[in-house]
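Reading through the structure tokens given below for one structure.
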Amino acid sequence: MYGEGMWAFLGTDRNSFLSCGFHLNSNIMSSSNGAKENSHNKARTSPYPGSKVQRSQVPNEKVGWFVEWQDYNPVEYTAVSVLAGPRWADPQISESNFFPKFNEKDGHVERKSQNGLYEIENGRPRNPAGRTGLIGRGLLGRWGPNHAADPIITRWKRDRSGNKITHPVSGKNILQFVAIKRKDCGEWAIPGGMVDPGEKISATLKREFGEEALNSLQKSSAEKRELEEQLHKLFSQEHLVIYKGYVDDPRNTDNAWMETEAVNYHDETGEIMDNLTLEAGDDAGKVKWVDISDQLQLYASHSQFIKLVAEKRDAHWSENSDAECRGL
């Protein structure tokens, strides 16, 4: 788990920092050697989060590692909270007793990337999306990929008689998803958080949803058992992996980066979620069911994921048929 030390250092907690303004970019990495134009932007921003550190500037045309750049001189930075050696962080590469197994499962630590094999240069992993202007780990605990998970819980919007409600313009059924409002930035988001060492993605998705949308951390033992029973029903059914892979995040460095897996769990009849009362917990200020459409004011990445869910479920997204083709 990412220890509380790092998040206290930032004046926030690990999950809200992940989800509030520091989450995914709508542009997804296009290849293992470089990034599409206008992508890989957050990973080049200065100052580095929680510091006054300025990255070396990396122009768009030199992001990709395949572009030779002999004068590339990135700044080195690893936060004090990481160097302090909390249990959620790796030691420095230079430490004599540290022998990480990159590109594979290393004990309880998952060092494989969702995007395939990454290069190792001078003993350090190399960011698969390209140069960031900064080496070291910054605020990230792991060398190489740092894994997160985002659960997207959906149901059909229904009238009081239980019939699905269709949109008057598109004629498609309206889908709803569980959204949380972050305490720190006041924006609506998909609940999500970091994958703990040895934890399966499915367990992270269920845990994060329980903590943020159902306030599971504050429940009694009896309430937790009932909650767990209902969550098991929801999370054990078929699901859709909406996206998994690299995240354009301002905490990324040349040697450490964020990755996530966004998964849709759909309650077709609505019966499971009818037995669960939404209650904001952990770092969530509010929680509610939100109608899915292109009018949602979410982070670009979250909107992208939600749009993909609507497409997969053949649900309403836009009143404008042209918008369906153009995307976000």
### Query
Do the ring planes of Trp156 and His266 sit parallel (below 30°), tilted (30 to 60°) or perpendicular (above 60°)?
perpendicular
### Query
Atom NE2 of His147 and atom CD of Glu259: how far apart are they, to the nearest 0.5 Å?
5.0 Å
### Task
Check for a donor-acceptor pair, side chain of Asp248 on one end and backbone N or O of Lys42 on the other, with a separation under 3.5 Å.
yes
### Query
For the side chain of Asn252 and the backbone of Ala43, is there at least one donor-acceptor N/O pair under 3.5 Å apart?
no
### Salt bridge Glu228-Lys224, side-chain N to carboxylate O under 4.0 Å
no
### Query
If you take all heavy atoms of Phe102 and Ile93, which pair is closest and at what distance?
CZ-CD1, 4.0 Å
### Query
Got a sec, which pairs hit side chain to side chain donor-acceptor pair (under 3.5 Å) with one end in residues 91-102, sequence neighbours left out?
Gln92-Arg137
### Message
For Arg313 and Asn264: C-alpha separation, side-chain torsions, deciding distance, then whether side chain to side chain donor-acceptor pair (under 3.5 Å) applies.
### Response
CA-CA 10 Å; Arg313 301 290 177 189; Asn264 175 220; 2.9 Å; yes
### Message
By the definition ring-ring contact (aromatic ring centres under 6.0 Å, His included), identify the one residue from Trp65, Tyr72, Phe66 that meets it with Trp69.
### Response
Tyr72
#### Entry: Spacing of CG belonging to Leu308 relative to CD1 belonging to Ile242, to within rounding of 0.5 Å
6.0 Å
#### Entry: Pi-cation contact, Trp188 with Lys288 (under 6.0 Å, within 45°)
yes
### Query
Are any side-chain N or O atoms of Trp143 and backbone N or O atoms of Pro91, one a donor and one an acceptor, separated by less than 3.5 Å?
yes
### Query
Do side-chain atoms of Arg131 reach the backbone of Lys62 as a donor and acceptor pair under 3.5 angstrom?
yes
### Query
Should Asp294 and Lys307 count as an ion pair when the cut-off is N to O under 4.0 Å?
no
### Message
According to a hydrophobic-cluster definition based on side-chain heavy atoms being under 4.5 Å apart (Ile, Leu, Val, Met, Phe, Trp, Tyr only), do Val109 and Met194 belong together?
### Response
no
### Message
Clusters formed by hydrophobic residues whose side-chain heavy atoms approach within less than 4.5 Å: which one holds Ile174, and what are its other members?
### Response
Ile165
### Task
Please say whether more than 12 non-hydrogen atoms of neighbouring residues, nucleotides or ligands are located less than 6.0 Å from CG in Asp159.
yes
### Message
Salt bridge check, Asp90 against Arg111: does any charged N sit closer than 4.0 Å to a carboxylate O?
### Response
yes
### Task
Using modelled atom types only, decide if a donor and an acceptor are shared between the side chain of Tyr265 and the backbone of Ile152 within a distance under 3.5 Å.
no
### Query
Between Ile201, Asp150, Val195, which is the residue that forms a side chain to side chain contact (heavy atoms under 4.5 Å, CB included) with Glu261?
Ile201
### Query
CG of Leu231 to CD of Glu226: how many Å apart, nearest 0.5 Å?
10.0 Å
### Message
Parallel, tilted or perpendicular, judged at 30° and 60°: which one describes the rings of Tyr77 and Tyr48?
### Response
perpendicular
## Note on the structure
Here the gap from Lys164 atom NZ to Glu268 atom CD, rounded to the nearest 0.5 Å, amounts to 4.5 Å
